[in-house]
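Below is one structure; the comments refer to it alone.
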Number of protein chains: 2
Amino acid sequence: MEPNALLHLDNQLCFALYACAREVTKLYRPLLDELGLTYTQYVTMLVLWEKDDIAVKTLGERLHLDSGTLTPLLKKLEASDLIRRERDREDERSVIVRLTEQGQSLRERASGIPSQVFQQTKLSPEQIASLREQLHELTAVISLQEEQAKR
Amino acid sequence: MEPNALLHLDNQLCFALYACAREVTKLYRPLLDELGLTYTQYVTMLVLWEKDDIAVKTLGERLHLDSGTLTPLLKKLEASDLIRRERDREDERSVIVRLTEQGQSLRERASGIPSQVFQQTKLSPEQIASLREQLHELTAVISLQEEQAKR
DNA sequence: TAAAATTAAATTTTATACAATGTAATTATA
DNA sequence: TATAATTACATTGTATAAAATTTAATTTTA
């Protein structure tokens, strides 16, 4: 093997992931601009479109994001009238997020986005699904490691 | 098919990538802390360890990063005495980056990192290689799309 | 049940990302 | 060859990310 091949950029899975994730995000930008959303705001809305009336904590677990990222992001979505934030009366430590009418209806305008991006990837639905599952598994393994590392 | 299944978070390849990339980066953090590097600084050093004496432009193409990200990052690496930045005398528009002695020698301290991370992924070398190649291909396809979109 | 521990958000700090703009140097062209 | 176009980098502004700290609320426990 070549000397130090393990340190070569193109041999790093981490870099392949890092670069690919950013390129894919870039594909969304022009589409999301029309909705007035950033990519992170978009995935936040995806979660809420599936089920709103959830705590910031729950959102964070779903998105792998903590309050340092979510709090300002949610305030912006609230300023755009897409969501409302309200303290949970049962447990005042929690903040509950719910969609406004506008937030609900934005879903329709977003509904065409996945297929538009899909076309640009030039991958088959099977390739997409396979890649997605490999990544989900890897993410799950790593999340578990990090969970355990905390103890 | 379920209504709007295309908009479900777990069906998005983009989110699988986005979440996985961040989790993998988190795995590196404790290891890179010992070297005093952030993840982006680490991949920058990987490029330079392969070949230094290159322009910021070249670095950016290799890393898919622009000067808005690289300029401050390189200034920090210079402040840490790992690199030097110098105008190209042949073409004063370019800035050439080269490793210092310290930058060179940091390579040895970094050499064990890839295998340490590899172990934590619980993937076989073949699975890693396969996933990496799928991501490289997808990145290449998308980069090409974006290249063409500019015209 | 009062004190200690835990939890959920918010805040602060540091470091990316990237679009848009500015500037200086270089190259192309009328 | 003067000027227009291009190029490389730096700067500015906006939006993440994530660690660390703070605050307020809730739960556990001695």
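Letters A, B, ... mirror the listed sequences (proteins, then strands); counts begin at 1.
B/L77 and B/L32 fall within a single hydrophobic cluster, where Ile, Leu, Val, Met, Phe, Trp and Tyr side chains are chained together by heavy-atom contacts under 4.5 Å. There is a path of hydrophobic side-chain contacts, each under 4.5 Å, that joins A/L7 to B/L37.
Summarising the geometry, atom CD belonging to B/E90 is positioned 6.0 Å from atom CG belonging to B/D88; distances are rounded to the nearest 0.5 Å. Taken to the nearest 0.5 Å, the CD atom of A/Q127 stands 8.0 Å off from the CD atom of B/Q134. Distance CG/B/L99 to CD1/B/I83: 8.0 Å, rounded to 0.5 Å.
Residue-level contact check: B/D91 touches the backbone only, with heavy atoms under 4.0 Å from sugar-phosphate atoms and none from bases. Counting non-hydrogen atoms under 4.0 angstrom, B/S67 reaches a base of the nucleic acid. Heavy atoms of B/T69 sit under 4.0 angstrom from at least one base atom. Using a 4.0 Å heavy-atom criterion, one finds that A/L73 contacts the sugar-phosphate atoms exclusively.
Remark: P of D/dT16 and NZ of A/K76 are 5 Å apart, rounded to the nearest angstrom. For the pair B/L74 CG and C/dA15 C1', the computed distance is 14 Å after rounding to whole Å. For the pair B/Q41 CD and C/dA17 P, the computed distance is 10 Å after rounding to whole Å. Between the P atom of C/dA9 and the CD1 atom of A/I96 lies a distance of 8 Å, rounded to the nearest Å. Spacing between atom CG of A/L63 and atom C1' of D/dA17 amounts to 13 Å, rounded to whole angstrom units. Look at CD on B/E146: it is 14 Å from C1' on C/dA17, rounded to the nearest Å. In this entry the distance linking OH of B/Y28 with P of D/dA19 reads 17 Å, nearest Å. Rounded to a whole Å, the CG atom of A/D66 is 10 Å from the C1' atom of C/dA9.
Under 4.0 angstrom from either OP1 or OP2 of C/dT16 there lies at least one side-chain N or O belonging to B/T38. The shortest distance between the side-chain N/O atoms of B/T40 and the OP1/OP2 oxygens of C/dA17 is below 4.0 Å. Side-chain nitrogen and oxygen atoms of A/R85 include at least one within less than 4.0 Å of the OP1 or OP2 phosphate oxygen of C/dA10. The phosphate of C/dA25 has neither OP1 nor OP2 within less than 4.0 Å of any side-chain N or O from B/S94. Within the 4.0 Å cut-off from OP1 or OP2 of C/dA17, at least one side-chain nitrogen or oxygen of A/Y18 is found. Remark: A/K75 is in phosphate contact with C/dT11, judged by side-chain N or O atoms under 4.0 Å from OP1 or OP2.
Across C/dA19, C/dA17, D/dT11, the shortest atom-to-atom separation from the side chain of B/T71 is found for D/dT11. Closest to the side chain of B/R22, from the set C/dA9, D/dA25, D/dA17, is D/dA17.
A residue-by-residue look at A/R93 and A/G68 shows that A/G68 has its nearest nucleotide of DNA chain D further toward the 5' end. Take the nearest nucleotide of DNA chain C for B/E90 and for A/R29: the residue whose nucleotide is more 5' is A/R29. DNA chain C is contacted by both B/Y39 and B/R89; B/Y39 maps to the nucleotide lying nearer its 5′ end (nearest heavy atom per residue).
Look at D/dA30: its Watson-Crick or wobble partner, with both distances under 3.5 angstrom, is C/dT1.
Of the candidates A/V47, A/V95, A/D52, A/L65, A/V47 is the only one forming a side-chain contact (heavy atoms from CB on, under 4.5 Å) with A/L59.
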